[in-house]
Amino acid sequence: METPEHFAFLLVDDLTHMAFGCAVDPLRIANLVSGKTLYSWSLVSETGGPATCSNGIVTQVNHALDDMPQADRLFVLSGIGVQKRNTRSLMNGIRRQARRGVQIGGLCSAAWILARAGLLDGRKAAIHWDFHDSFMEEFPDVHLVSSVFVADEKIVTASGGTATADLMLHLIEESHGGDLAAEVADQMVYNTVREANAAQRLSFQARHGIRNEHLSQAIRRMNETIETPMSPAEIAAELRISVRQLERLFGRYLNCSPKKFQLDIRLQKARHLLLQTEMPITEVAFACGFKSSGHFSRSYRSHFGCSPGQQRGKIA
């Protein structure tokens, strides 16, 4: 008989329950529809104690990380507040499993833990889009992608939610063929299975029904130049249109000026950095294109109704 492939899931407190279900259930269904035990799995936590999901559901585990049985794959699964969960003992335990030849993976926000452990340097990785700004600042040596999962690296990663199911279906197809993966997807009533290169989010343009190429390019350049913002005149010149034409496009489709839209992008990134990193406020300001912390603070308060320092103090 074929030896089942054993997956261990390392549950980190405040993990996302949706990603957890999307990780385990495809394996269960693969066993069910194939009539064979193709997969087995166990649940692990750092200490062996129960893990609490961000929705309050408490999950009992089978093993502590240091006492887990031999596994083919170890998937780390985390959620909100991951920056405070990457303890030294957690990272050391994951490194030990990697040295033993276990294939390591990260789901939802867990790429943060794996990057902090030094396992993703020079590699492609996926993480939930909400962490992108802070992740890129914190881990410049990791090639962060905006796709739903990465499976063509030694360490596989998925961005969370239903992207976890996409990754699991991909792994099932790799090991047991497309027909079984399709049957599993059918049992899940999941008819929108995505390939690895699918984008995590609808583009801003698609979400708002924008089809104007000049406006799309202007938004893209604003996102690419947050640290050193281009002026509307520079963007218009690059697109070979007039500033007035650029302003008309933003007014028509977005009901705001190019300058206002660009400021909103920069302030949203600043909020992510304040909430998800320990970067000094002055560094956050510079990373978002502000030349002084005073200007940054005034702009931030006007937009969000609190100062950058007060925003950071709301983290609990």
Side-chain angles (χ1 to χ4, degrees), residues 14 79-84 109 112 115 127-140 142 144 146 200-208 210 212 214-239 241-316:
D14 283 327
I80 60 175
V82 64
Q83 300 90 336
K84 298 180 180 178
S109 65
W112 190 287
I127 195 171
H128 190 280
W129 61 263
D130 197 42
F131 293 90
H132 274 210
D133 289 333
S134 54
F135 190 95
M136 287 188 290
E137 291 288 338
E138 197 80 14
F139 307 110
V142 181
L144 186 66
S146 60
Q200 287 187 39
R201 308 170 70 190
L202 280 175
S203 68
F204 183 91
Q205 293 89 327
R207 188 181 296 117
H208 293 273
I210 296 171
N212 185 278
H214 284 141
L215 183 58
S216 297
Q217 291 180 19
I219 292 171
R220 177 179 59 81
R221 291 299 285 144
M222 288 179 179
N223 278 293
E224 291 172 346
T225 59
I226 288 176
E227 191 167 343
T228 53
M230 299 174 67
S231 69
E234 289 172 326
I235 293 173
E238 189 172 290
L239 299 180
I241 61 176
S242 68
V243 174
R244 181 168 293 183
Q245 186 177 352
L246 184 68
E247 290 173 342
R248 282 201 299 265
L249 289 172
F250 273 86
R252 175 184 175 185
Y253 288 100
L254 301 174
N255 198 32
C256 69
S257 68
K259 189 174 181 180
K260 171 68 166 57
F261 185 85
Q262 185 179 44
L263 180 61
D264 288 350
I265 291 174
R266 293 160 58 200
L267 289 171
Q268 285 295 337
K269 176 176 180 177
R271 186 173 185 274
H272 285 155
L273 297 180
L274 288 169
L275 293 176
Q276 297 173 10
T277 74
E278 299 299 323
M279 289 174 64
I281 290 174
T282 301
E283 289 187 17
V284 172
F286 293 153
C288 298
F290 293 91
K291 294 182 179 179
S292 73
S293 56
H295 180 209
F296 171 54
S297 293
R298 289 190 296 273
S299 299
Y300 198 94
R301 184 184 291 277
S302 176
H303 189 85
F304 292 110
C306 64
S307 70
Q310 290 169 332
Q311 180 75 81
R312 180 161 276 171
K314 291 179 180 181
I315 304 172

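Computed from a predicted model, the values in this text were never measured in an experiment.
- By the 4.5 Å heavy-atom criterion applied to side chains, Phe261 and Met222 are counted as neighbours.
- Considering all non-hydrogen atoms of both residues, Val243 and Ala233 come closest at CG2-CA, 3.6 Å.
- The shortest non-hydrogen separation linking Ala287 to Ile226 is O-CG2, 3.9 Å.
- Under a 4.0 Å N-O distance rule, the pair Arg221/Glu224 qualifies as a salt bridge.
- Counting all heavy atoms, side chain and backbone alike, Pro229 lies closest to Gly289 at CD-CA, 3.8 Å.
- Each of Lys260, Gln268, Gln262 was scored for a side-chain hydrogen bond (donor to acceptor under 3.5 Å, both in side chains) with Asp264, with one residue passing: Lys260.
- Put simply, CG on Asn223 and CZ on Arg266 are 12.5 Å apart, with the number rounded to the nearest 0.5 Å.
- Taking OG from Ser292 and CZ from Arg298, the interatomic distance works out to 6.0 Å, rounded to the nearest 0.5 Å.
- The pair Glu137-Lys269 meets the salt-bridge criterion, since a charged nitrogen lies less than 4.0 angstrom from a carboxylate oxygen.
- In plain terms, the two heavy atoms of Tyr300 and Ser307 that are nearest each other are CD2-C, 4.0 Å.
- Closest heavy-atom contact between His214 and Leu249: CB-CD1, 3.8 Å.
- Between the NE2 atom of His272 and the CE atom of Met136 there is a distance of 10.5 Å, given to the nearest 0.5 Å.
- Annotation: side chain of Pro308 is not in contact with side chain of Gln311 (no heavy-atom distance under 4.5 Å).
- Counting all heavy atoms, side chain and backbone alike, His128 lies closest to His132 at O-CD2, 3.5 Å.
- Proximity of the aromatic rings of Phe135 and Phe131 is defined here by a centroid distance below 6.0 angstrom, and this criterion is not met.
- Rounding to the nearest 0.5 Å places CG of Asn255 at 12.5 Å from CZ of Phe250.
- The backbone N or O of Cys306 sits nowhere less than 3.5 Å from a side-chain atom of Arg301 that would complete a donor-acceptor pair.
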Could you please spell out the steps behind the side chain to side chain contact (heavy atoms under 4.5 Å, CB included) verdict for His303 and Leu263? CA-CA 9 Å; His303 189 85; Leu263 180 61; over 6 Å; no
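- Between Phe290 and Phe296, the angle of the ring planes lies from 30° to 60°, which puts this pair in the tilted group.
- Within the 4.5 Å cutoff, the side chain of Ile219 has heavy atoms near those of the Leu254 side chain.
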Could you go step by step and tell me if Cys288 and Leu267 meet the side chain to side chain contact (heavy atoms under 4.5 Å, CB included) rule? CA-CA 7 Å; Cys288 298; Leu267 289 171; over 6 Å; no
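- If you take CD on Gln217 and CG on Asn212, they are separated by 9.0 Å, rounding to the nearest 0.5 Å.
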Between Trp112 and Ser134, is a side chain to side chain contact (heavy atoms under 4.5 Å, CB included) present by the stated rule, with each step listed? CA-CA 10 Å; Trp112 190 287; Ser134 54; 3.5 Å; yes
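- Within a 6.0 Å sphere centred on CD of Glu278, heavy atoms belonging to other residues, nucleotides or ligands number 12 at most.
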Working for side chain to side chain contact (heavy atoms under 4.5 Å, CB included), residues Thr277 and Asp133: CA-CA 10 Å; Thr277 74; Asp133 289 333; over 6 Å; no
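- Distance check: Asp130 CG to Ile80 CD1 gives 10.5 Å after rounding to the nearest 0.5 Å.
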